[in-house]
Q: 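I have a structure here, written as C-alpha cells, and I will follow up with some questions on it.
Order of the sequence lines fixes the chain letters, A, B, ..., with proteins taken first and strands second; residue numbering starts at 1 for each chain.
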There are 2 protein chains.
Amino acid sequence: MSEVTPVLLDEQLCFSIYSASKKFNHFYQSALAPFKLTYPQYIALLALWEDAPLTVHQLGQRLELDSGTLTPLLKRLEKQGWVTRVRSRTDERQVLIHLTAMATAKRDEVYQRIGQCQTLLGMSDDEIETLMTDLVTVKAQLDQVSHQRLIDKQVNLQK
Amino acid sequence: MSEVTPVLLDEQLCFSIYSASKKFNHFYQSALAPFKLTYPQYIALLALWEDAPLTVHQLGQRLELDSGTLTPLLKRLEKQGWVTRVRSRTDERQVLIHLTAMATAKRDEVYQRIGQCQTLLGMSDDEIETLMTDLVTVKAQLDQVSHQRLIDKQVNLQK
DNA sequence: GACAATTTAATTGTATACAATACTATTTGA
DNA sequence: TCAAATAGTATTGTATACAATTAAATTGTC
C-alpha cells in the first residue's frame with residue numbers, strides 16, 4: 001500500500017495560480033503592446049500615477065519587488081521616456097522615481113486601452129471579490145509557512 | 001467628471017494572482033532547497049514521475065512551457081543527475097526525457113518533503129476546489145480575449 | 001565628533017519565460 | 001522522387017525575479 005498520491009490539492013492550486021499568472025501577463029503584454037509596456041512596467045507606472053515621486057524602496061514595497069528587479073526595469077522605463085531617476089538631495093542613498101510629462105500625458109490613453117481590453121472575465125464582482133479574499137488567505141498562509149521555514153532551517157542545520 | 005478609476009477589480013485580481021504565484025514559488029523553492037530544485041524543475045519531475053519518457057514537446061504541453069524555457073531547464077536537470085536527454089531513434093527530431101535511477105529513487109523522499117511542508121493552507125478542500133474552478137474560468141476568459149486580440153491586431157494594422 | 005550599525009541602491013549570478021529565428025528531420029503532395 | 005510544407009528542438013535576445021554581495025550614506029550612541 002504505497003502512498004503514491006503526492007499530487008495534493010495544494011499542488012494543483014499552485015499550478016493553477018502559476019498558470020493563470022502567466023496568462024494574465026500575456027494578456028497585459030498584448031493589451032499594452034501599443035505602448036511597448038510589460039505588465040511589471042505597467043504596474044510600476046500605475047503606482048506612480050497614484051503617487052509620485054516614489055523612492056525605489058517605496059515602489060518596491062507597493063509592488064513586492066526588490067531593487068534587483070526594479071533597478072533594471074526602471075532604467076528601461078527611463079530609456080523609453082516614462083520616468084526619470086533622480087538621486088535625492090536630502091538623502092543621497094535614495095533614488096526618486098518621477099513621472100515624465102509624457103507619462104502624465106499618456107495616462108488616460110493607457111487607462112482607456114486597458115479598459116477597452118478588459119472585456120470582463122465572465123465573473124461577477126462578488127465572485128471576483130471572493131476569489132481575491134481566498135487568495136489573500138493563501139498568501140497569508142504561505143507567508144506564515146515561510147516564516148516557519150526559517151526556524152526549520154536552523155533546526156536542520158543542527159544535524 | 002473625469003473617469004479616474006482604472007484600478008478595476010480585474011486589475012486587482014491580476015495583481016493578487018501575480019503576487020500569490022510568486023509566493024508559492026518561494027514556498028516550493030524553500031521546501032525543495034535540500035534537493036536544489038526550483039518549482040519549474042519540480043513540476044517537470046512531477047510530470048515525468050507520472051509518465052516517462054516524454055518528449056520536450058509533450059512535457060511542454062503538460063507544463064504550458066515552450067522549448068525556449070524547457071531546453072535550458074532540462075539541461076540543468078540533466079547536469080544535476082535527474083534526467084537524461086536522448087534523441088529518439090525513430091524520429092530524430094524529438095528528444096526524449098528519461099528519468100535517471102537517482103530521480104526514481106528520490107521520488108518518495110521529495111514527495112515526503114513536500115508533504116511535510118504542506119502545512120495546509122488554512123482552507124477546506126471545498127474552498128480550494130472553488131478557487132481552482134474560478135481560476136479556470138478566468139484562464140478560459142483570458143484565452144478567449146487573447147484570441148480576440150489576434151483579430152483586433154489585424155484590424156489595427158489596417159489604418 | 002568618531003564610529004559601529006543600519007538603510008538604501010546597485011551589481012552579480014542564476015533561473016525562468018517567451019517571441020522570433022534557425023536548423024534539422026520527417027512527411028506530404030504533385 | 002523530390003520540392004515544399006510541417007514538426008520538433010535549439011538558439012538568441014529581451015525582460016523579469018530574487019539571493020547574495022557591495023558600496024555609499026545616514027543614524028544612533030557613546
Q: Taking atom types as they are modelled, would you say the side chain of A:R93 forms a donor-acceptor pair with the base of C:dT7 within the 3.5 Å cutoff?
A: yes
Q: Distance check needed: D:dC18 C1' versus B:L32 CG, whole Å only.
A: 17 Å
Q: Verify the contact: side-chain N or O of B:R76 to OP1 or OP2 of C:dT16, cut-off strictly under 4.0 Å; return yes or no.
A: yes
Q: I want to check a possible cation-pi pair here: A:K22 against A:Y18, using under 6.0 Å from ring centre and within 45° of the ring axis as the test.
A: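 That pair qualifies as a cation-pi contact.
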Q: Check the phosphate of C:dT16 against B:T38, side-chain N and O only, distance under 4.0 Å to OP1 or OP2. Yes or no?
A: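 True: B:T38 side-chain N/O within range (under 4.0 Å) of C:dT16 OP1/OP2.
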Q: Kindly indicate whether the side chain of A:I128, heavy atoms from C-beta on, has any atom under 4.5 Å from the side chain of B:V138.
A: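 When only atoms from C-beta onward are counted, B:V138 and A:I128 do not touch, as no gap falls below 4.5 Å.
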Q: Given that B:S67 and A:P72 both sit by DNA chain D, which one's nearest nucleotide is further toward the 5' end?
A: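 Nearer the 5' end of the strand: B:S67.
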Q: Do B:Q29 and B:T38 come within less than 4.5 Å of each other through their side chains, counting heavy atoms only?
A: yes
Q: Check the distance between C:dC18's C1' and B:H57's NE2 and give it to me in whole angstrom.
A: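 Rounded to the whole Å, the gap is 16 Å.
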Q: Atom CD of B:Q80 to atom C1' of C:dT14: distance rounded to whole Å?
A: 11 Å
Q: Nearest of C:dA9, C:dA10, D:dA19 to any side-chain atom of A:D66?
A: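 My answer, after comparing the listed nucleotides, is D:dA19.
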Q: When you measure from the side chain of B:H26, which nucleotide among C:dA15, D:dT26, D:dA17 comes out closest?
A: D:dA17
Q: Is the closest side-chain heavy-atom distance between A:T71 and A:V95 below 4.5 Å?
A: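 A:T71 does not reach A:V95 side chain to side chain.
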Q: Could you state the atom-to-atom distance from CD of B:Q29 to C1' of D:dA19 in whole Å?
A: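 Atom-to-atom, B:Q29 to D:dA19, this comes out as 9 Å.
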Q: Nearest whole angstrom, please: distance from the C1' of D:dC18 to the OH of B:Y39.
A: 18 Å
Q: Which nucleotide sits closest to the side chain of B:N25: D:dA25, C:dA17, D:dA15?
A: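 Closest nucleotide to the B:N25 side chain: C:dA17.
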Q: OP1 or OP2 of C:dT16 less than 4.0 angstrom from a side-chain nitrogen or oxygen of B:Q41, does that happen here?
A: yes
Q: Any idea which of D:dA10, D:dC18, C:dA9 is nearest the A:T69 side chain?
A: D:dC18
Q: DNA chain D: B:K75 or A:L73, which has the more 5' nearest nucleotide?
A: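 Whichever sits nearer the 5' end wins; that is B:K75.
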Q: Picking from C:dA10, C:dT26, D:dT16, which would you name as closest to the side chain of B:E92?
A: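 Looking only at side-chain atoms, B:E92 lies closest to C:dT26.
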Q: Closest nucleotide of DNA chain C for B:L65 versus for A:Q58: which of these residues is on the 5' side?
A: A:Q58
Q: Atom CG of A:L96 to atom C1' of C:dT8: distance rounded to whole Å?
A: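 Value for this atom pair: 12 Å.
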Q: Taking the side chain as every heavy atom from C-beta outward, state whether B:W82 and B:L48 have any pair of such atoms under 4.5 Å apart.
A: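 A side-chain contact under 4.5 Å is absent here.
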Q: Passes side chain to side chain contact (heavy atoms under 4.5 Å, CB included), A:E11 versus B:Y28? Steps please.
A: CA-CA 10 Å; A:E11 208 145 83; B:Y28 274 98; 3.4 Å; yes
Q: Could you check how far NZ of B:K36 sits from C1' of C:dT14, rounded to whole Å?
A: 13 Å
Q: Could you tell me whether the phosphate oxygens of D:dA17, OP1 or OP2, come under 4.0 Å of any side-chain nitrogen or oxygen in B:Y18?
A: yes
Q: Just compare C:dA9, D:dA19, D:dA10 and give me whichever is closest to any side-chain atom of A:R87.
A: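 Closest nucleotide among those given: C:dA9.
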Q: Report which part of the nucleic acid B:S21 touches: base, sugar-phosphate, or nothing (heavy-atom distance under 4.0 Å, all strands).
A: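 No contact at all - B:S21 keeps every heavy atom at 4.0 Å or more from the nucleic acid.
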Q: Between A:F35 (CZ) and D:dA15 (C1'), how many Å, whole number?
A: 20 Å
